[in-house]
Protein chains: 2
Amino acid sequence: MSVRSASVKDVAAAAGVSLGTVSNVLNRPSRVSPATRERVERVMLELGFVRNESARQLRAGKSRTLAYVMLDAGNPFFTDVAAGIDDAADDAALSLFLCNSANRADREAAHLALLEQQRVQGILITPVDADAVALDQVARRGTPIVVVDRTRRLEDFCTVAVDDVLGGRLAVEHLVDRGHRRVAVVGGPTTIGQVSDRYAGARAAWADAGLPAEDLVVVATDAMTVAEGRSAGERLAGMPSRRRPTAAFCVNDLLALGLLQQSIGSGRSVPGDLAIVGYDDIEFAAAAAVPLTSVRQPRHQLGRTAAALVLEESTDPDHEHQQVTFTPELVARASTL
Amino acid sequence: MSVRSASVKDVAAAAGVSLGTVSNVLNRPSRVSPATRERVERVMLELGFVRNESARQLRAGKSRTLAYVMLDAGNPFFTDVAAGIDDAADDAALSLFLCNSANRADREAAHLALLEQQRVQGILITPVDADAVALDQVARRGTPIVVVDRTRRLEDFCTVAVDDVLGGRLAVEHLVDRGHRRVAVVGGPTTIGQVSDRYAGARAAWADAGLPAEDLVVVATDAMTVAEGRSAGERLAGMPSRRRPTAAFCVNDLLALGLLQQSIGSGRSVPGDLAIVGYDDIEFAAAAAVPLTSVRQPRHQLGRTAAALVLEESTDPDHEHQQVTFTPELVARASTL
DNA sequence: ATCGCTTTTTGAAACCTTTCACTGACAGGA
DNA sequence: TCCTGTCAGTGAAAGGTTTCAAAAAGCGAT
């Protein structure tokens, strides 16, 4: 009801103390005698006092907030990363705001600008374009930034990522081990660093196994979604059977799930007619009707580490940028038995 | 590098104009002559000026931000609702912050407190406990709040929800139509309003069909996750076959996916041995190996509407609280053919 | 009473922006 | 020439909090 909320001044007046004392109750309660502290606190409750964070921040200079600008809030991989960040933020008594750039550079830029204006303590980001110059500018102006799940050529950021070349290698080695000699690699666009790294690992493993390059078939997709996975499945099905791969490595689980669905739906058995390996090991991978073999990334750990780095950068004056790389792990399930 | 970012004062000095002019460039560019405007803008760029949002907000009184406190960022249903909110916020040139309460009341309370201190323009929330008194207090102190996907007894909030009783009814009517005469209802805990409403609809439909109440079997779960769905499947499988239901209505899709997986994994066919209806129609429902029949909620629309309401409440002085209810819709797929 | 010490409280300055009443300048009309 | 009206730009005040030096109060010892 109250049209304007009470300020410290109102509280001070009502409690019969000075402004400074009210502020002390808020920020250094031990410096205030128990009696007055209690009185002030009671008045605050009565008046429904709510501290004005803008004013606090303006004066104190620092905020108690981290932000994670996520690439796609609809992809469980990123929400799991966010959960990891959240854990770490909780431990440090910071709040975490999530922003969704939904794969759009303009939205990402808008979020970055606002976060910088808010003077957040640090920004974690999985950028649409890892080389966007906007990131550099924000960082240079003093907001700590950690890039999550993308690597950066320049070393002027902390970076937390997973070894995608190794991940691609693991997937293809697994398929080769299972006896597959014609394999599809499904994913795209290759402008995404992730995708090209996983491709590179796949090719390296294939070559190491002494198999001819033309039997590793690239099936390019426009995005990494379930729908694109289905469409890739149709393209695979349309190939003449002697050239058709017996297995597919999808560069993420959404693609793999789409492919799986299309395959089963059109009567091919998995893994009998087509073995499938996904990437990310999202919860729905294990829960698919044919549980999906997938390359697991330590996504929770990814988030936790990124948060730790951004905290360090924001507190430690002579902080050195680090590039942390985690190791992926293949989880074999029924889709490649 | 600059240790403290430039302020309007610095810009004014460097451009040889007054503070007020700089502010005008920022907020009412048309009141400034093109020449000076351009000069000021150039200086801003050179100095790397970043407007201090705290100071702006402190003076201007209003913030340009909405927040959605989501119940579970890992559930695609909520991320889709968030996407709808985001759309509407975009249109209104507001930013959206997402907070994840992860089903924990303490986290929810912490987020609410911070958002109130930040003086956000409005809060959208799917609360852990729809009757939490904290919500009332925040609302009473003047922050517009819209409750999403939960109904509230008291009418002192705007509310956007879907008719869950009808949803439950649709699901069970569909199964009865398909000839099922012994059906399981899977979900819980029933303290969640959603769950009990869907149960109620299910029972009503069952009774309307003239079927005996004891043939609608409740399978209670502790949570609405994939894992709980699997465990429910095991319990169903353990029933003697003459008492075992031929169909299951799961109160959300995560449960349904878990049940589906367990059923197929243990050799039962879907829908042959067990027909399954889910709820929410998340993307993964259609993408399951046996595409899932599900009760679709207009989740995008839910978000959009909620955002519109909170905007109206924050701008229109004589705003009346509204309770908007959407109608769910059954999407029949292979899991109940 | 006075001194020296600690604990508690005070008051004013500072943080950065926006707002608004106001001044100057300048053009056109009478 | 004088008046009126527009357009650009100015400068001070205000917004709510924190900080910090300094004042006040309390207290035990002399």
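Each chain gets a letter, A, B and so on, in the order its sequence line appears, and its residues count up from 1.
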On DNA chain C, does the nearest nucleotide to A:Arg31 precede the nearest nucleotide to B:Arg56 from the 5' side, or the other way round? Give the residue. A:Arg31

Which residues in residues 110-123 of chain A have at least one heavy atom lying under 4.0 Å from any atom of DNA chain C? none

Looking across every strand, which nucleic acid part, if any, lies under 4.0 Å from A:Thr36 by heavy atom: base, sugar-phosphate, or nothing? sugar-phosphate

Pair listing, side-chain hydrogen bond (donor to acceptor under 3.5 Å, both in side chains) test, anchored in residues 14-26 of chain A, at least two apart: A:Ser18-A:Thr21, A:Ser23-A:Asn27, A:Asn24-A:Arg28

Rounded distance (nearest 0.5 Å) linking atom CD1 of B:Ile123 with atom OG1 of B:Thr143: 5.5 Å

Could you check which of C:dT17, D:dG9, D:dT18 has an atom nearest any side-chain atom of B:Ser33? D:dG9

Please determine whether a side-chain nitrogen or oxygen atom of A:Arg28 lies at a distance below 4.0 Å from atom OP1 or OP2 of D:dT18. no

In whole angstroms, the gap separating P of D:dG9 from CD of B:Glu38 amounts to 13 Å

Sequence-distant partners of B:Arg304, salt bridge (Lys or Arg N to Asp or Glu O under 4.0 Å), two or more places apart: B:Asp91

Please state whether the phosphate of D:dG16, meaning OP1 or OP2, lies under 4.0 angstrom from any side-chain nitrogen or oxygen of B:Arg59. no

Judged by each residue's nearest nucleotide on DNA chain D, which is more toward the 5′ side, A:Glu53 or B:Val32? B:Val32

Go through the structure and list residues passing side-chain contact (heavy atoms from CB on, under 4.5 Å) with A:Gln322, not counting sequence neighbours. A:Leu309, A:Glu312, A:Val324

Residues pairing under ring pair (Phe, Tyr, Trp, His ring centres under 6.0 Å) where one sits in residues 34-84 of chain B, two or more places apart or in two chains, turn out to be none

Near DNA chain D, counting only heavy atoms under 4.0 Å, which residues of residues 14-24 of chain B show up? B:Val17, B:Ser18, B:Gly20, B:Thr21, B:Asn24

